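For this chain, numbers begin at 1 and follow the sequence in order. Small disclaimer: the values here were computed from a predicted structure and weren't measured.
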Amino acid sequence: MRKIVFDIETRNIFSEVGSSDPTALDISIVGIYDSETDSYSSYTQEELSMLWPLIERADMLIGYYSDHFDLPLLNKYYSGDLTKMKSLDILKEIRKSYGRGMKLDQLAEGTLGKKKSGHGLEAVKWWKEGKVDEIRKYCLDDVKITKEIYDYALANQKLIFKEGTQVKEIPLNTSDWEKPNENKMTFSMPF
């Protein structure tokens with residue numbers, strides 16, 4: 001199964017566009033991990049044409065808060081319909097099991113023993129300062145954390161997070177996570 005783990009950074013924030021709809025924002029960087037090639041890569045909004053063939057050959061998209069943010073925003077730029085693909089939003093799975101969400105940073109610290117390298121608002125600031133390489137690094141760091149959290153959950157049927165000084169576990173049923181999707185992808189490229 002070819003999996004694409006992805007994360008998106010934006011050029012602007014909701015208060016700047018006057019909307020809480022993710023599709024009102026503009027992409028600065030999309031970072032991905034491709035399980036087929038075991039490699040990481042990133043794409044600016046202007047480079048998305050190079051990303052589409054990878055996504056179209058994937059069996060599954062994996063993200064964190066991706067169903068409500070990253071996927072709708074990415075779909076805005078795609079000529080097909082990415083919602084037809086199998087996707088797994090780790091935050092959605094946590095909410096199903098634990099009843100509430102949490103920050104990726106809490107899971108990174110509890111499960112992996114590491115912290116995120118930045119914050120999304122910094123990435124917007126970096127965009128305005130022309131620091132695209134810093135955004136790429138930050139975005140790919142988040143993709144790596146998301147991939148490692150996904151892999152850990154799949155192997156251990158749980159995730160761990162810190163809340164103050166307490167360490168807590170979130171049990172997860174991952175048995176359906178990698179089952180094939182019956183929906184067919186709508187491709188943007190002729191084959």
Side-chain angles (χ1 to χ4, degrees), residues 2-17 20-58 60-78 82-83 85 87-94 101-153 159 161:
R2 186 177 193 177
K3 298 172 277 190
I4 299 285
V5 181
F6 76 114
D7 185 50
I8 294 176
E9 301 308 325
T10 63
R11 297 177 180 192
N12 41 25
I13 57 176
F14 291 126
S15 62
E16 292 174 335
V17 296
S20 60
D21 180 356
T23 63
L25 300 173
D26 298 306
I27 290 174
S28 63
I29 297 288
V30 178
I32 71 161
Y33 167 78
D34 183 347
S35 68
E36 185 173 278
T37 60
D38 190 30
S39 64
Y40 292 86
S41 55
S42 62
Y43 307 86
T44 64
Q45 179 179 302
E46 292 76 20
E47 298 167 332
L48 289 176
S49 63
M50 294 184 287
L51 173 62
W52 303 139
L54 301 174
I55 286 182
E56 290 172 342
R57 289 192 299 272
M60 180 178 180
L61 296 174
I62 300 165
Y64 196 84
Y65 195 57
S66 52
D67 281 359
H68 296 288
F69 184 81
D70 300 81
L71 199 53
L73 178 53
L74 190 59
N75 205 34
K76 165 180 141 176
Y77 295 93
Y78 185 66
L82 296 175
T83 64
M85 285 191 76
S87 68
L88 184 108
D89 182 338
I90 297 170
L91 180 58
K92 186 177 178 181
E93 296 297 312
I94 289 168
M102 64 202 53
K103 294 179 178 181
L104 182 61
D105 207 27
Q106 287 177 279
L107 292 168
E109 187 175 5
T111 305
L112 308 173
K114 61 172 90 171
K115 301 279 276 171
K116 284 177 36 121
S117 63
H119 188 279
L121 293 177
E122 288 177 305
V124 173
K125 181 175 136 300
W126 293 331
W127 177 261
K128 292 174 181 171
E129 294 170 354
K131 298 177 179 175
V132 177
D133 288 340
E134 287 187 45
I135 304 168
R136 285 185 197 274
K137 182 187 177 321
Y138 165 68
C139 188
L140 289 175
D141 285 347
D142 272 7
V143 172
K144 288 173 187 168
I145 287 171
T146 303
K147 178 201 177 295
E148 290 173 19
I149 284 173
Y150 176 86
D151 290 343
Y152 185 94
L159 289 171
F161 72 99

_Any salt bridge linking Lys76 with Asp26? Criterion: basic side-chain nitrogen under 4.0 Å from a carboxylate oxygen._
yes
*How long is the span from the CD1 atom in Ile149 to the CG atom in Leu104, to the nearest 0.5 Å?*
4.5 Å
*Nearest atoms (heavy-atom pairs only) where Tyr43 meets Ser41*: OH-OG, 2.9 Å
*asked:* With heavy-atom distances below 4.5 Å as the criterion, would you say the side chains of Arg2 and Leu54 are in contact?
replied: yes
*What heavy-atom pair brings Lys128 and Arg11 nearest, and what distance separates the two atoms?*
CE-O, 3.9 Å
*Working to the nearest 0.5 Å, report the span between OG of Ser42 and CG of Leu51.*
10.0 Å
_To check you understand the geometry: which heavy-atom pair defines the closest contact between Gly101 and Leu91, and what is its length?_
CA-CD1, 3.6 Å
_Spacing of CD1 belonging to Ile90 relative to CG belonging to Leu159, to within rounding of 0.5 Å_ = 7.0 Å
*Output all residues satisfying side chain to side chain donor-acceptor pair (under 3.5 Å) with Thr111, sequence neighbours left out; order by chain, then residue number.*
none
*Looking at Cys139 and Gly31, what are the two nearest heavy atoms and their distance?*
SG-N, 3.4 Å
*Indicate whether any N or O donor in one side chain lies under 3.5 Å from an N or O acceptor in the other, for Glu56 and Tyr78.*
yes
*Charged N to carboxylate O below 4.0 Å: is that the case for Asp151 and Lys147?*
yes
_Minimum-distance pair of heavy atoms, taken over all atoms of Glu9 and Ala123_ = OE1-CB, 3.7 Å
*Any chance the side chains of Asp34 and Tyr40 put a donor and an acceptor closer than 3.5 Å?*
no
_Check this for me, if you would: do Arg57 and Glu36 make a salt bridge, where the nitrogen-to-carboxylate-oxygen distance has to be below 4.0 angstrom?_
no
*Measure the CE-CG distance between Met85 and Asn75 for me, rounded to the nearest 0.5 Å.*
11.0 Å
*Of all heavy-atom pairs between Phe6 and Val143, which one has the smallest distance, and what is that distance?*
C-CG2, 4.1 Å
_Phe69: which of Leu25, Leu74, Thr23, Asp89 passes side chain to side chain contact (heavy atoms under 4.5 Å, CB included)_ = Leu25
*Between the side chain of Glu16 and the main-chain N/O of Ile13, is any donor-acceptor distance below 3.5 Å?*
yes
*asked:* List the residues meeting salt bridge (charged side-chain N to carboxylate O under 4.0 Å, His left out) with Asp21, not counting sequence neighbours, and say none if there are none.
replied: none
*Find the distance between CE (Met60) and CG (Leu88) and round it off to the nearest 0.5 Å.*
4.5 Å
*asked:* If you apply the rule side chain to side chain contact (heavy atoms under 4.5 Å, CB included), what do you find for Arg136 with Thr44, and how did you get there?
replied: CA-CA 9 Å; Arg136 285 185 197 274; Thr44 64; 3.4 Å; yes
_NZ (Lys114) with more than 12 external heavy atoms under 6.0 Å_ = yes
